[in-house]
2 protein chains.
Amino acid sequence: MTAHLGLDATVPTTPLATRLAELVRLLPGRLTDPVLGGVVVVASATGVRVASSDHERGFQADLDGLVGSEGSVLVPARPLAETLRSLAEPEVRLVVEGSRLAVRAGRARFALPMMDLAAHPGLAPSPPHRLSVPSAALRGPLAVVAAAASRDDALPVFTGVRLSVEDGVLALLASDRFRLAKAEIPLPGPAEDAADLDVLVPAALLAELSRQLPRSGEVDLRADTDRFALSWEGTLVTTALLATPFPNSDRLFPSDVDCVLRADADELTAAVRRAATFGGGRGLLTLVAEDGGVRVLGSDPTIGESEETVKADVAGNRISRTYQARHLVDALRGFTGRVVELRVPAHERRGSVLTADPGDDGVAVTHLVAPTRPPSPRG
Amino acid sequence: MTAHLGLDATVPTTPLATRLAELVRLLPGRLTDPVLGGVVVVASATGVRVASSDHERGFQADLDGLVGSEGSVLVPARPLAETLRSLAEPEVRLVVEGSRLAVRAGRARFALPMMDLAAHPGLAPSPPHRLSVPSAALRGPLAVVAAAASRDDALPVFTGVRLSVEDGVLALLASDRFRLAKAEIPLPGPAEDAADLDVLVPAALLAELSRQLPRSGEVDLRADTDRFALSWEGTLVTTALLATPFPNSDRLFPSDVDCVLRADADELTAAVRRAATFGGGRGLLTLVAEDGGVRVLGSDPTIGESEETVKADVAGNRISRTYQARHLVDALRGFTGRVVELRVPAHERRGSVLTADPGDDGVAVTHLVAPTRPPSPRG
């Protein structure tokens, strides 16, 4: 990167403000080095780029702009994003004035001190393209699977989402040891470049990106042995991989299903949420299979008891299982507006599977939820 | 209040859920006695009443309902509100079953343990009616004035809103010593009962009530020497008064205005908010009167400088004053969609006045904001 020169560019306000807001959400919460809280602004013949990096993660977005003078500067990212966020003017001019990057809009001028661009790590080069998927098919499953990962850094492997390709299907997989979420996204075409893709990517980043991904268009997945990236519409987000190999999880899925329930996912979710108030200190609730319905039971020593029956098709044995209420709520999020199928194994300690018929886009989501010991009998 | 008997009543879900949510927001944050976290449910020939009280504050709301069996019970308020909040059924049945109050809706049953009704303080009797005002005229000014009060309990007088009646006008007044807000609401008719009204009411409660008041209809103000109450549409909220007399504040309003600015309040608010990012550690910004505009200046040692000019009519001297950014933002909230007038006195230490022509309803809002020492000169 060159030293900052007399950068001067005019950019539409809204896309710049949106990209900067996204960039800021990917900055680390605590800065080990203030320079990592900066945004690199580059004006060149091709337009304007904003970029950030904290060694682990990188963000860059390219924007159309009218460039009067090329140059690169580093300025504090949060105040720039905050200033842009509330500007009503349709365009802003970014221009170096003395030791400041000035943001000029109408009769307003905001001047941000320039930081030492040479001290910034810059953006790691993008890893090579491996495959492309429709953004609409990736967003939902990415959010659901990433939510099943652990937030506890003590066991890094469980803080990641495994992304792998097999037989023309992109599989997303995450677990925090108490539940496991899996999504399978059929690839639209042949993906030779992706044949051996198998990476473990930090789940927290993917959860945030699932919100930033567009509702339509394509997303590119990029990876090499050290890094992973998603790119779409001029935006590129890179991250270091988690090094740990993900344990094989296929054996966790039960083969001896004893009871199968099929219910409207939204109705079941609403009932589970209501029962969660009565989940007690451990936040537990119990599902009981009955003729034509599933009974959702909660019990709390001070708040009282709840019981509610949700219409369901029930096949097999009439079983009863207790789960963490929040595990069920998280798992059911993957099936909004659909019929969800709950498969309960005969063995009391083995996980139950939530799944549904694949959607029109062929995407299949499966959730494995571990049961827990039922609460002590009602008083 | 009688002991709980076999209460049985059917009530429309939405109004019951709304009133319970309001009731819960008025409960104390920390409960000295668990019984104060309860809601009294009374079913009688006239319908269903829900009520709470913590000795200081009381809430009661009357609802239409089909009463099968009269009775009174005390149950935990938060879980009841939480359960009602998410129910889709249009009606719920509240019925005593054993030691529980059951909430039955469709195929769901929620059972809350009954608490000792005899241990509950009950609701203090409502103080007598003093005057009525249109709710639409009270809501906004109440929110704006209550926001100017202090949150610091060490000086109780500044945690209150003074409500007084003089010459057919209801005046609301609050100050945290650094700013003072005043609203004057003309009374629609003669108010003999209100002639000597002069009470100091906890501002935090009034801020919450300004959100609960309906957008139309009348609100009744009730008061005696110890208590104050607002009532509307079957809801009554009572509170103990703050005992301290409010200091006379008329002398604080400057008589020697040196400069008068008139600007669009929304444009000025937006500029002040943007400049607030550059307010520095003390959150200060400076207004400078110029020909045809007011310049809004911010300066922060690390974030940079901002300057923005908002169109304004300027009369008198071209002055410059520095304020707490959040005081200006709070004060400007009272003038949304209007032209705000800023009157700056010649004396540098005296407060500036923000005001506007009274609205169609005759309501006049005035804000006094103390200036502060300007930040050290720009680097």
Side-chain angles (χ1 to χ4, degrees), chain A residues 34 37 75-76 78-89 97 99-115 266-267 269-279 290 292-311 378-379, chain B residues 34 37 75-76 78-89 97 99-115 266-267 269-279 290 292-311 378-379:
Chain A
V75 292
R78 285 178 205 280
L80 181 61
E82 191 61 27
T83 301
L84 267 294
R85 193 174 66 87
S86 68
L87 278 178
E89 300 285 333
E97 295 174 359
S99 65
R100 299 286 192 257
L101 177 70
V103 179
R104 288 180 170 276
R107 298 170 75 183
R109 174 183 181 274
F110 307 91
L112 297 145
M114 291 191 288
M115 300 155 78
D266 298 349
E267 286 179 20
T269 302
V272 164
R273 282 183 187 277
R274 280 189 286 270
T277 303
F278 298 80
E290 297 182 328
V294 53
R295 199 138 51 96
V296 184
L297 300 171
S299 175
D300 180 283
T302 61
I303 289 175
E305 300 83 35
S306 78
E307 92 176 57
E308 178 164 3
T309 304
V310 175
K311 223 172 63 180
R378 293 166 170 229
Chain B
V75 291
R78 286 178 205 279
L80 182 60
E82 191 60 29
T83 301
L84 266 294
R85 193 173 65 87
S86 69
L87 277 178
E89 299 285 332
E97 295 175 359
S99 64
R100 299 285 191 256
L101 177 70
V103 178
R104 289 182 169 274
R107 299 171 76 182
R109 174 183 182 272
F110 307 91
L112 296 144
M114 291 191 288
M115 300 156 78
D266 298 349
E267 286 179 20
T269 302
V272 164
R273 281 183 187 278
R274 280 189 285 270
T277 303
F278 298 80
E290 298 181 327
V294 53
R295 200 136 51 97
V296 184
L297 300 172
S299 176
D300 181 282
T302 59
I303 289 174
E305 300 83 37
S306 79
E307 96 174 55
E308 178 164 1
T309 304
V310 176
K311 222 171 65 178
R378 289 161 175 238

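Below, read A as the first sequence line, B as the second, and so on, with proteins coming before strands; counting in each chain starts at 1.
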Enquirer: For chain A, find which of B:A102, B:P113, B:A270, B:A275 contributes the most heavy-atom pairs closer than 4.5 angstrom.
Expert: B:P113

Enquirer: Test of understanding: with salt bridge (Lys or Arg N to Asp or Glu O under 4.0 Å), list the residues that count as partners of A:R107, not counting sequence neighbours.
Expert: none

Enquirer: Among B:T302, B:L101, B:V310, B:V103, single out the residue with the greatest number of heavy-atom pairs under 4.5 Å to chain A.
Expert: B:T302

Enquirer: Taking salt bridge (Lys or Arg N to Asp or Glu O under 4.0 Å) as the definition, give me every residue that meets it alongside A:R273, ordered by chain and number, with sequence neighbours left out.
Expert: none

Enquirer: Taking side chain as everything from C-beta outward and backbone as N, CA, C, O, which of these in B:P76 sits under 4.5 Å from a heavy atom of chain A? Side chain, backbone, both or neither.
Expert: side chain

Enquirer: List the atom of B:F110, the atom of A:S306, and the distance in Å for their closest heavy-atom pair.
Expert: CD2-CB, 3.2 Å

Enquirer: Nearest 0.5 angstrom please: B:R78 CZ to A:T277 OG1, how far?
Expert: 13.0 Å

Enquirer: Over all heavy atoms of both residues, which pair between B:R274 and A:L87 is shortest? Give the atoms and the distance, please.
Expert: CD-CD2, 3.4 Å

Enquirer: Could you go through the side-chain contact (heavy atoms from CB on, under 4.5 Å) check for B:R100 and A:E305 one step at a time?
Expert: CA-CA 9 Å; B:R100 299 285 191 256; A:E305 300 83 35; 2.7 Å; yes

Enquirer: Considering only heavy atoms, which portion of A:A105 lies under 4.5 Å from any heavy atom of chain B: side chain, backbone, both, or neither?
Expert: neither

Enquirer: Working to the nearest 0.5 Å, report the span between CD1 of B:I303 and CG of A:L80.
Expert: 11.5 Å

Enquirer: Against chain A, label B:A271 side chain, backbone, both or neither, depending on which of its atoms sit under 4.5 Å from a heavy atom there.
Expert: neither

